[in-house]
Each structure stands twice: as C-alpha cells, then as structure tokens.
A.B. asks: 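If you scroll down you'll find the structure; I have some questions about it.
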Amino acid sequence: LVAARRRPAVYVGGAGGELLWFQALVVGLGRLGGGPVVFHHHNYGPLMERARALAALVRLGGQQVTHVVLGPQMATALREVYPRVGRVVVCSNAGHMARASTAEPRTRSDRVVLGHLSNLTMAKGVGEVVAAAQEALRAGLDVELRLAGPAVEPESAALVEAARAELGDRFAWTGALRPDEVDDFVADLDLFLFPSTYRLEAEPLVVLEASRSGVPTLAYDVGCVAGLIDPPGRVLDRAEPFAAAVADVVRGLAASTPERRAAHRDDVRRGFAARQGAAAATWEDLVDELCGSELPSR
C-alpha cells in the first residue's frame, strides 16, 4: 500500500512488551504512507517507565500519529514519559459499551450490600474487601458482602473460604460470571468495592459496569480510576485505610432514605452516560479521520 502510494489509514491497538517493536515498524510505515495513523494505548506498563520500543514508536510516528489514551491520567503519563509525543486524544472504553442499565435491585432491605467483581487476587484487592466487610460488621453496621469472579490464587481462595465461614448468611460468592450475568449481579449492590493496587491497572471494566448500573464505587487511585467515579463513591489515596472509608460510606447510605438512594443511583448513571457520550463522539471523530470519504453510512 505504501509503495503503491495508496496513503493507507493505519489503526494500531497498542500492546506491551516486545510486540511494541513490531507495532513501531507498522506506525513508521504508516507515516511513510502519508495517511492518518492512530495508536490506541491500552497498556499502562510502558507509561510507568520509559520503554525503548514505545520511545522508538513515538519517534518513528512523529507528529503525524494520533495517540489515543483511556483517560486524562494516561495522557499525563504519556506526555511526561515521552515528551516528543504529538497529538493525544482521550477516549474512554465507556464509548464502546451498551447503554446504561435502568435495572433496580431485585431485593431491597435496610441492609447495605457491598460487592466486588474481578479475578479474586490480593493485588486486585479481595483481601481489603473482605477485611472491610468484617470490620463493618464488628462496628455494628448492617452489611453483607457479595463476591463474583474466580479465585485464581491459593491465598485468595483460602481467604474467600474463611470469609464464608465467618460471615455466614451475610456472604455470597457466585464464582465466575458470564457476561450476561454481570448487570444482574451489579444492580443488586449498594456499593462496589475496588481497592486494586495492581500496578498496571488502566481503566477497569468492572468500575464502568458498576457506574453504568448506578452503583457508586469506592476505589484506590490507580490507573484511570479517578476519572470514573462519582459521589457518593470515593477515590482514596493508597495510604488511606480502606475499611474505615467503607464504614463512612456505609453509614451515609444506611442513613439515606430510599428516595435518596435512588437519586444517588440516577446521579451515578448520569455520570456514566456523560462519559459514554463524550467517548462515543470522540471515537466517531477518529473513525471519520481514518476512513474519510470511504466511511460507510450509519
């Protein structure tokens, strides 16, 4: 295509590791072709410390390449680590998700339902989640904990079984969920817990899924998480005790009227819808740039 002077449009879904060397070559060829080039960053690793392959990609692409990132935090990291980067566009993955769910909890009581959905690992925060539920109950708060996802390491599996024994009927673990089961699981929660400290966390889909259903999230400030959470959810510094923050939010939810809780869910849904709309519009602009007059009618 380049040799035939076809001015190819090039879109690359960014990787990590050694595959970046191959992608740098593709980006360089795209620049030679003279058409639009988009590099879509999905991996936080090369943005945390300078990677020679991504540095080569930035140099080969020059100012012609549009770098797409998932959130403002990724944009800041990209510019700091690779000062020669050209145009940077923020486009959340929310733009590719189905519209917000309007499902309400299937069961409703005064009890505050806490939930966590992920691969159940210590890095993703299952230990903090279980400890927060245990401490809330010891403090006399009326909570229950629901977990979903596979326990993929022996330590987390043992922790889940210990929680089952201690919390009794205030604990449920559904294991791995099918994609069509996620909305029902999330819609029954009052507060989603995501105390991940995973170093490569980017834009967790589970946090987007919670906000899409109107469920507030309490999470550590990792990756792009801070840009995904609306009140009464909170973003915590990693030095802040997670269990104490959970207890504070639970007390506020417990003191709220059903009408106020419903209003909170509507606020969180609106926050997701705003991010989704902005991301969808940005994505459409990128597709227009790539396809130009060849864009099919929609």
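Note that this is a predicted model, so its numbers are computed, not measured.
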A.B. asks: So how far is it from H116 NE2 to L218 CG, rounded to the nearest 0.5 Å?
C.D. replies: 12.5 Å

A.B. asks: Among L189, L177, L193, whose side chain to side chain contact (heavy atoms under 4.5 Å, CB included) with L117 holds?
C.D. replies: L177

A.B. asks: May I ask you to decide if the ring planes of W283 and H96 are parallel, tilted or perpendicular, using 30° and 60° as cut-offs?
C.D. replies: perpendicular

A.B. asks: Could you tell me whether the side chain of D230 reaches within less than 4.5 Å of the side chain of R275, counting heavy atoms only?
C.D. replies: yes

A.B. asks: Is the side chain of R111 donor-acceptor paired with the backbone N or O of E144 at a distance under 3.5 Å, no angle test?
C.D. replies: no

A.B. asks: Indicate yes or no for a side-chain donor-acceptor contact from E209 to the backbone of V186 under 3.5 Å, with no hydrogens or angles considered.
C.D. replies: no

A.B. asks: Return the minimal non-hydrogen interatomic distance between G30 and Q64, and the atom names on each side.
C.D. replies: O-NE2, 3.7 Å

A.B. asks: Is the ring pair F194/F192 parallel, tilted or perpendicular, if the boundaries are 30 and 60 degrees?
C.D. replies: parallel

A.B. asks: Drop me the distance from D190's CG to L114's CG, to the nearest 0.5 angstrom.
C.D. replies: 8.0 Å

A.B. asks: Is there a continuous path of hydrophobic side-chain contacts, each under 4.5 Å between heavy atoms, that joins L205 to Y44?
C.D. replies: no

A.B. asks: What are the two closest non-hydrogen atoms of A245 and E240, and how far apart are they?
C.D. replies: CB-OE2, 4.3 Å

A.B. asks: Which distance, rounded to the nearest 0.5 Å, do you find between the CG of L200 and the CG of N43?
C.D. replies: 6.5 Å

A.B. asks: Check this for me, if you would: do D142 and R170 make a salt bridge, where the nitrogen-to-carboxylate-oxygen distance has to be below 4.0 angstrom?
C.D. replies: yes

A.B. asks: Taking all non-hydrogen atoms of both residues into account, name the closest pair between T217 and A210 and its distance.
C.D. replies: OG1-CB, 3.8 Å

A.B. asks: I'd like to know if the side chain of R5 and the backbone of G34 have a donor-acceptor N/O pair within less than 3.5 Å.
C.D. replies: no

A.B. asks: Considering only heavy atoms from C-beta outward, does the side chain of T257 approach that of R261 to under 4.5 Å?
C.D. replies: no

A.B. asks: Give a yes or no answer on whether the side chain of Q276 reaches the backbone of M97 with a donor-acceptor pair at less than 3.5 Å.
C.D. replies: yes

A.B. asks: Group every Ile, Leu, Val, Met, Phe, Trp and Tyr by side-chain heavy-atom contacts under 4.5 Å, then state whether F272 and L70 land in the same group.
C.D. replies: no

A.B. asks: Can you tell me how far the CZ atom of R212 sits from the CG atom of L228, to the nearest 0.5 Å?
C.D. replies: 13.5 Å

A.B. asks: Honestly curious: do V69 and V85 fall in one hydrophobic cluster under the side-chain, below-4.5 Å linking rule?
C.D. replies: yes

A.B. asks: Out of curiosity, does V287 fall in the hydrophobic cluster containing V10 (side-chain heavy atoms, cut-off under 4.5 Å, transitive links)?
C.D. replies: no

A.B. asks: Taking the side chain as every heavy atom from C-beta outward, state whether F39 and L54 have any pair of such atoms under 4.5 Å apart.
C.D. replies: yes

A.B. asks: Any ring pair (Phe, Tyr, Trp, His ring centres under 6.0 Å) pairs touching residues 221-264, not counting sequence neighbours?
C.D. replies: Y220-F242

A.B. asks: Are the side chains of P204 and V225 in touch, meaning some heavy atoms are under 4.5 Å apart?
C.D. replies: yes

A.B. asks: Got N119 and P150 here, is their nearest side-chain heavy-atom distance under 4.5 Å?
C.D. replies: yes

A.B. asks: So, R164 and E161, do they make that salt bridge, N to O below 4.0 Å?
C.D. replies: yes

A.B. asks: Under a 3.5 Å distance rule, please check whether E181 uses its side chain to pair with a backbone N or O of R178 as donor and acceptor.
C.D. replies: yes

A.B. asks: Are E166 and L137 close enough that some pair of their side-chain heavy atoms sits under 4.5 Å apart?
C.D. replies: no

A.B. asks: Can any side-chain N or O of S92 pair as donor or acceptor with the backbone N or O of A94 at less than 3.5 Å?
C.D. replies: yes

A.B. asks: Report yes if some heavy atom in the side chain of R146 is under 4.5 Å from a heavy atom in the side chain of T174; otherwise report no.
C.D. replies: no

A.B. asks: Taking the side chain as every heavy atom from C-beta outward, state whether L47 and Y82 have any atom pair closer than 4.5 Å.
C.D. replies: yes

A.B. asks: If we check side chain to side chain contact (heavy atoms under 4.5 Å, CB included) with L253, which of these qualifies: L191, D248, V113, V143?
C.D. replies: L191

A.B. asks: Do you know the tightest heavy-atom contact between I229 and A219?
C.D. replies: CD1-CB, 3.8 Å

A.B. asks: Can you check whether N93's main-chain N or O pairs, donor with acceptor, with E203's side chain at less than 3.5 Å?
C.D. replies: yes

A.B. asks: How close do S196 and V222 get, heavy atom to heavy atom, and via which atoms?
C.D. replies: O-CG1, 3.4 Å

A.B. asks: For the backbone of V215 and the side chain of S213, can you confirm whether one donor and one acceptor N or O come within less than 3.5 Å of each other?
C.D. replies: no

A.B. asks: Would a hydrophobic clustering, with Ile, Leu, Val, Met, Phe, Trp and Tyr connected at side-chain separations under 4.5 Å, put L78 with V89?
C.D. replies: no

A.B. asks: Would you give the length of the straight line joining atom SG of C291 to atom CD of E284, rounded to the nearest 0.5 angstrom?
C.D. replies: 11.0 Å

A.B. asks: So which atom in A151 and which in A157 form the shortest heavy-atom distance, rounded to 0.1 Å?
C.D. replies: CB-CA, 3.8 Å

A.B. asks: Do the charged groups of R238 and E201 touch, with an N to O distance under 4.0 Å?
C.D. replies: no

A.B. asks: Taking everything shown except R52 itself, do over 12 heavy atoms lie less than 6.0 Å from its CZ?
C.D. replies: no

A.B. asks: Got a second to check how far T121's OG1 is from E155's CD, nearest 0.5 Å?
C.D. replies: 10.0 Å

